[in-house]
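Read the structure below first, then the notes.
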Number of protein chains: 2
Amino acid sequence: MTTLKQLAKLLNVSVSTVSKALSDADDIGEETKKRVKELAETLNYKPNKLALGLKSNVTNTLGVVIPDILNPFFAEVLYGIQKQANAKGYDTLVCISNETTQTEINAIQLLKQGRIDGFIISPASQTIQTNNFTHLEAAKNERIKFVMFDRVDNNIQTDKVSIDDQKAVFSATEWLIKKGKSKIVYLSNIENLNISSDRKKGFHEALHKHNIQIQPEFELNLTNIETAHKTIEKFIKSNHFDAAIAVDNNSAIMFQSLLKSFKPELVNQITCIGFANSKTSKLAYPPLSYINQNATKIGEQAVDLIIERIKDKSDNPTYKEIKVATDVVEV
Amino acid sequence: MTTLKQLAKLLNVSVSTVSKALSDADDIGEETKKRVKELAETLNYKPNKLALGLKSNVTNTLGVVIPDILNPFFAEVLYGIQKQANAKGYDTLVCISNETTQTEINAIQLLKQGRIDGFIISPASQTIQTNNFTHLEAAKNERIKFVMFDRVDNNIQTDKVSIDDQKAVFSATEWLIKKGKSKIVYLSNIENLNISSDRKKGFHEALHKHNIQIQPEFELNLTNIETAHKTIEKFIKSNHFDAAIAVDNNSAIMFQSLLKSFKPELVNQITCIGFANSKTSKLAYPPLSYINQNATKIGEQAVDLIIERIKDKSDNPTYKEIKVATDVVEV
DNA sequence: TTGAAAGCGCTAACAA
DNA sequence: TTGTTAGCGCTTTCAA
């Protein structure tokens, strides 16, 4: 790595002259600037970011804590985060908590060691289930700035980005009802999170509004991937239904596939919808209509929020809670 | 952030005493050590990693450049990288190249600014298609250590981790043939990469070995997601076939779904196999047998290699090229 | 057993 | 217009 010192030596000037020349300070002669810049170019000089960070307490780096990168939703959020962070001149230090609180604590420790300006987190399911947010509280006390996304918690005061889960599922359910559907099976592989209960509320709300009876046996729990196929098969074989709504990224694809195997004659009459994006919707045929969660947008918004917060030096900030719009994409 | 200086002041000792006490140096009195450690604990002192990095030229951070995080394969590799890096005490600075060379160049620039000890990269498809590896050559000249994975290039001398693409597809094809299949359709959505041609070679090799004629119209190009369904539909409707092999992560799921729609009577007679993992294989019903690419393992191996290389101070290293074993998982 | 000083690469206030 | 100096947080050598 080329350093200022080396440039200075080669050019027979002082380190500070080189530093100033490179930043186009107006107290350096044009001639000198030119010489300095040329040599810097030739030697492919890049300022050492560690030194800059140490000096200025600004790292231009964002921490990102993601529960599960194998979940396409989080992968897409990460994509949005990266894209936006890059556009704004930030790098990302990424940690995957693997849904456990301990890994999350470690991650935040790492992120606290002066290496980031702030972080973006969606808490692990374990954290949410045990309601153990002490590490985030601690971060807050140490004035470390962070933004929560997707799995947001009401007890933590900070900036948040999510979708309106209840509304998203309400709209999708209503979309089905308006197509004349009334015997709708509800699929979820999401563990016991706020998101999950909000989504179910949206489902119930829509049924209620349209005077449709809630039937507990029409709500399938597919958390366990090993038994999911069996659960769906059993349901398909022994119930009358005319639509399916999945509140995660996978279950609708699965359901449709089983439907085609066990009741092929019904495929055209039964409408399936799930959370997805334009690409994953096409894994199924016919392609599934889907609830577009705008995961990329969530990531972008999270980045905007954290950068805004980083730049905001006020002591008593008013936190923002952004709801990214979702929409039903009919294919 | 608590610093050594602050601790020193509070304890009325010097900075160097604190530093040594915390690292258990044997020239510091037990009593002092105890006092220092207690206060450090209370104030939740964490050494500033930037300062450590600046001082020691060791960052314990790995750069990771990934072409496409929405591809489940790369997501899983990233998972493996994170897991292993963490286990070995490294953090990861992740960049997504989005399949373009320019982003990749930027990423490597970022990674070069003294922030990482080495990086792990799978080149963008653009980089490979234009055969433009100057940025990697440059990195090599600057003695920056890196490991290539998956999309490895013969012209770059460095450590590499990949699967034996030809062999993997050969084995899977042969697995189909041994089940009595001979009219096998070949599906690929992979752009023109080495991987792609190696996989096709494996396919041809197996056909050849078992005296099966190669039929170009049995090799479907599904690169364009918009036309993929149509292409498959047309094929299914107008050809006799008894098996399908997909050399990517999505096409087999898609193919099976279209098959069930257009030739449901054949589903039980036609065997589909694709690259997948235990989870994605279950998106289809019946679950697909799959070629297990061991993406997690690839990530882990890449981390092991880069760490080994970082620790190796020799001038003329012998580079390793690891082939991770694949296997056909019959469901 | 403890502390002072130098230095990693950089910036910025101040001096020349 | 250029250079000197101090300091960001840390480790380490050497001196006390």
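Lettering of chains follows the sequences in order, A, B, ..., and the numbering in each one begins at 1.
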Between [atom2] on [N] and [atom1] on [X], what's the gap in Å once rounded to a whole number?
| X | N | atom1 | atom2 | answer |
| --- | --- | --- | --- | --- |
| B/Leu54 | C/dA6 | CG | P | 18 Å |
| B/Gln113 | C/dC10 | CD | P | 11 Å |
| A/Asn57 | C/dT11 | CG | C1' | 13 Å |
| B/Leu7 | C/dG3 | CG | P | 14 Å |
| B/Ile28 | C/dG3 | CD1 | P | 8 Å |

Under 3.5 Å side-chain donor-acceptor pair for [X] and [Y]:
| X | Y | answer |
| --- | --- | --- |
| A/Glu191 | A/Ser125 | no |
| A/Thr59 | A/Asp117 | yes |
| A/Lys140 | A/Thr158 | no |

Shoot me the first and last contacting nucleotide of DNA chain D against chain B, ordered 5' to 3', at under 4.0 angstrom to non-hydrogen atoms.
-> D/dC8 to D/dT13
In this structure, OG1 of B/Thr127 is separated from CD of B/Glu104 (nearest 0.5 Å) by 3.5 Å
Would you please confirm or rule out a distance under 4.0 Å between OP1 or OP2 of C/dT2 and any side-chain N or O of B/Thr17?
-> no
Using only side-chain N and O atoms of A/Ser19, determine if any of them is under 4.0 Å from OP1 or OP2 of C/dC10.
-> no
Winner on side-chain proximity to B/Thr32, out of C/dA13, C/dC8, C/dT1, is C/dT1
Are any side-chain N or O atoms of B/Gln84 and backbone N or O atoms of B/Ala302, one a donor and one an acceptor, separated by less than 3.5 Å?
-> no
